[in-house]
Amino acid sequence: MKLNLKKLMTCLMALAMLLSVMTGNVVAAEADDAQSGEYAAVTNEPVTVETDLPDNDELFAMYVEQKLYDSEWSVFGTAAAEGLSAAERIIYDGLKAAIEQVAENGGTTRFVLTDLEGLTTTWSADNTIGLDIMDGNAVGAVFASQYDMNNILSALLCDCPFDLYWFDKVEGGVRSGCQLSYSGYNDGVQNVYTDVSVASATFIFTVAQGYRGGNEETVTSDVGKVATAKTNAAEIVAANAGKSDYEKLLGYKNEICDLVSYNHNAVSDDYTGGYGDPWQLIYVFDGDAETDVVCEGYAKAFQYLCDLDGLDSRIVTGAMTGATGAGAHMWNVVSLEGSNYLVDVTNCDEGTIGAPDALFLVGGTSGSLASGYSYQILSQTVHFAYDSTTLSTWDESDLTLADADYEAPPAAYLRGTTITLDGTIGIHFYFEMDDALLASDTAVVRFTLGGKTTDVPVSEGVMKTVDENVYYGFTYHVYAKQMSDTVTAQVIMDEYSSEAFNYSIRDYAKVILANENELYTAEDIAMVKAMLNYGAYAQLNFGYNVTELANDVGTLMTESEKDVSSVSASDISAHKASGMEIPGLGTFYGANLVLESETTLKIYFEPAAGVDGASLDFFVGEEAVTQTQFGKYWVIAIPNIKAHELADQFVVKVTDGVTEGSFTCTVFSYGYSVLSAAEGVNSDELKTLIKALYRYNQTAVSYIGA
């Protein structure tokens, strides 16, 4: 279509001062007084330009596609600008940058160019330019004579046509003008102007109806939703990375249905079938709960996510009966694992006949390519038939549906993680699982750490309901020295394996520390820092993964917070073991610690001469415990001591059935022996570990309660 683009070229219609007003208000001053100021030069010189460009809506649709898909073919560069004069190129460059900004964000189309360096803008009284230096209109005309606005506008329409989707090429045009600055003197009789220059040039582009933000010089800010939609859609794709193709498709369908609802008010006889509205796609991802869509929006949004992710999908159109939006309809056909399936996201939304997935990845169990496909949902039949446009666009192999519906594999999704702060060291993994996994006797959550795997039956998951969503929690405990190690959690059932999810204690601890005073209390923060110190000094003591210490969390912990050197033997002297010798039976020799998720205290007892340790009975409190021989010692273990229980006193009773006695100790009985030993007996790393363990205990007692 040939459009007659009318463009009026005038200087800026300044309301503040006109030349006639300026000359009439000049105040006489003493001779040689300097005079300077600014005024607007005004002129009217209409021009016209012709273009074969499509209308505004078509250009906007192309602009949206260019932005959303980063289409290289639609980036025109500056080819047309190469034919401009030097003066025209200066104006072109300034306008092109401003036009691109308005196209993306909206805003004023009154473009003021002040950087005119390189463009001759100054005339003095000494110049023989054939004009009256006092005549602002004439000076403005000289400025305008240096360039051809027709050439500039033609180049802009060639080089950035889509960015000018908002420009009224038919009824509007461009108005232009310049602001002049002057200087001179007063000779006692009159003002003498020696220099007049162009301080700035203004070009006002008229905005087409439908894209105006209140007046014809402003583009609506709604156009900024294009960039918002692109960002939000990319975030959805990123959030589904690593999933199977089926899980991605399901996730995209669910996300679209969560974001929008069907816009019944938008459907009319003149709209139905009149596809091509780019706002339909934008409205899905614009983050505005008030913008809803019809079938075009659902189908294009699903297609866009598939395109971003490289999934094989296509948009199709035709006729539909028996569901929301009956009549002319748009939906998708997806190729998955070598077969085609129908996806009607519109009729999977809440409140529709197919909600939530009756029309998601369905095959052609009833019907054919020629006659269309029918689906019986409850007591209603829904029928889909391709139109001639779709049949001529795609091959039969692209449109013929599989003989059966797609059989979805089992599915499990990790919905969150937390760490234990109950005196143990572990990670909670919270999964959302489908019924097939929950009902299976073989389904497990497989944890992997350092090459070691542990399977926990799905049936042992702890159910938790959050905002009406049901999750199943599984906890994996680690040793103190493993707080920086990555734990992998994966749901396994027969041949099905979910995505592998990786996390560490330190990873989540960083999240807690980074959200101090927002989501977590000062007590939470103190507990986490004490735990990380304990883990780091366990790593150093055992020489384990010392390049990634648990408390190496950047600025989230200060060096003073990592320092435990102030703890001394005197701080834990009250934990010194007592009643060490039991006459006739033997002596409490000492203890050591096993530092896992919880602590195990191992107690060594040396039987008296002539006493068989195997004949002795040991009790911790009232509970009998079994002893094992280690050389000349007999060892009992007190396991599963949580952080806040480390200072608890244990009474160990020993008897041979006739004689009995007891001694008392705590975890820090061992700690006291380490810190109070002579210099050089114990390593500095072990001493620091005991100090960190003591701090961990004290913090846990305060956090959890004695």
Side-chain angles (χ1 to χ4, degrees), residues 1-9 47-113 115-116 119 147-176 201-213 216-230 278-279 282:
M1 177 174 62
K2 177 78 74 173
L3 299 178
N4 182 19
L5 180 61
K6 208 181 274 186
K7 177 183 167 195
L8 300 177
M9 175 181 164
V47 296
T48 59
V49 63
E50 293 185 350
T51 177
D52 290 322
L53 287 177
D55 63 25
N56 296 94
D57 291 340
E58 292 177 272
L59 286 174
F60 182 62
M62 296 176 185
Y63 173 82
V64 171
E65 180 173 344
Q66 171 194 352
K67 290 298 181 182
L68 294 186
Y69 284 92
D70 296 319
S71 302
E72 294 182 1
W73 62 268
S74 61
V75 180
F76 288 83
T78 58
E82 302 304 323
L84 298 177
S85 68
E88 290 166 348
R89 184 60 186 265
I90 291 172
I91 296 172
Y92 167 96
D93 288 340
L95 290 177
K96 188 170 188 290
I99 287 167
E100 291 170 350
Q101 286 297 312
V102 167
E104 184 169 352
N105 303 305
T108 181
T109 58
R110 181 183 288 262
F111 304 130
V112 180
L113 306 184
D115 185 8
L116 300 175
L119 182 61
Y147 62 88
D148 187 335
M149 192 61 203
N150 186 22
N151 291 341
I152 296 171
L153 181 57
S154 296
L156 288 170
L157 288 169
C158 287
D159 289 342
C160 54
F162 302 152
D163 292 287
L164 282 165
Y165 63 81
W166 47 265
F167 176 51
D168 188 344
K169 305 181 296 296
V170 180
E171 301 297 332
V174 180
R175 305 190 306 278
S176 62
T202 300
F203 301 86
I204 306 170
F205 284 66
T206 304
V207 180
Q209 291 286 352
Y211 296 91
R212 293 180 180 178
E216 65 177 17
E217 298 178 10
T218 305
V219 175
T220 174
S221 61
D222 282 353
V223 299
K225 291 182 176 182
V226 178
T228 300
K230 181 177 182 178
W279 289 104
I282 296 166

Q: Quick one: do F111 and I204 satisfy side chain to side chain contact (heavy atoms under 4.5 Å, CB included)? Show the steps, please.
A: CA-CA 6 Å; F111 304 130; I204 306 170; over 6 Å; no
Q: Report the residues that fulfil salt bridge (charged side-chain N to carboxylate O under 4.0 Å, His left out) with D93, sequence neighbours left out, ordered by chain and then residue number.
A: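 D93 satisfies salt bridge (charged side-chain N to carboxylate O under 4.0 Å, His left out) with R89 only.
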Hey, does [Y] have a side-chain heavy atom less than 4.5 Å from the side chain of [X]?
{"X": "K96", "Y": "T78", "value": "yes"}
{"X": "P278", "Y": "E65", "value": "no"}
{"X": "K169", "Y": "L157", "value": "yes"}
{"X": "F203", "Y": "F205", "value": "yes"}
{"X": "F167", "Y": "V207", "value": "no"}
{"X": "T220", "Y": "V223", "value": "yes"}

Q.
Just by distance, no angles: are the side chains of Y165 and D57 close enough, under 3.5 Å, to form a donor-acceptor pair?
A.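 Not at all, the side chains of Y165 and D57 share no donor-acceptor pair under 3.5 Å.
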Distance from [X] atom [atom1] to [Y] atom [atom2], nearest 0.5 Å?
{"X": "E100", "Y": "F162", "atom1": "CD", "atom2": "CZ", "answer": "13.5 Å"}
{"X": "N151", "Y": "L84", "atom1": "CG", "atom2": "CG", "answer": "6.5 Å"}
{"X": "E82", "Y": "D159", "atom1": "CD", "atom2": "CG", "answer": "8.0 Å"}
{"X": "Y92", "Y": "L113", "atom1": "OH", "atom2": "CG", "answer": "13.5 Å"}
{"X": "I90", "Y": "D115", "atom1": "CD1", "atom2": "CG", "answer": "8.5 Å"}

Any side-chain to backbone donor/acceptor pair from [X] onto [Y]? Under 3.5 Å, distance only.
{"X": "T206", "Y": "G173", "value": "yes"}
{"X": "E88", "Y": "D148", "value": "yes"}
{"X": "Y63", "Y": "A103", "value": "yes"}

Q: Would you please indicate yes or no on a ring centroid separation below 6.0 angstrom for W279 and F60?
A: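 Between W279 and F60, which both carry aromatic rings, the centre distance is below 6.0 Å.
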Q) In this structure, which one of V219, T109, L156 forms a side chain to side chain contact (heavy atoms under 4.5 Å, CB included) with I99? A)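 Exactly one pass, corresponding to L156.
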Q | N105: partners by side chain to side chain contact (heavy atoms under 4.5 Å, CB included), with sequence neighbours left out | A |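 Side chain to side chain contact (heavy atoms under 4.5 Å, CB included) list for N105, sorted by chain: Q101.
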(Q) I'd like to know if E216 and R110 make a salt bridge, using a cut-off of under 4.0 Å between side-chain N and carboxylate O. (A)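 Salt bridge absent between E216 and R110.
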Q: Compare every heavy atom of A80 with every heavy atom of C158, then report the nearest pair and how far apart it is.
A: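 Looks like CB-CB, 3.7 Å.
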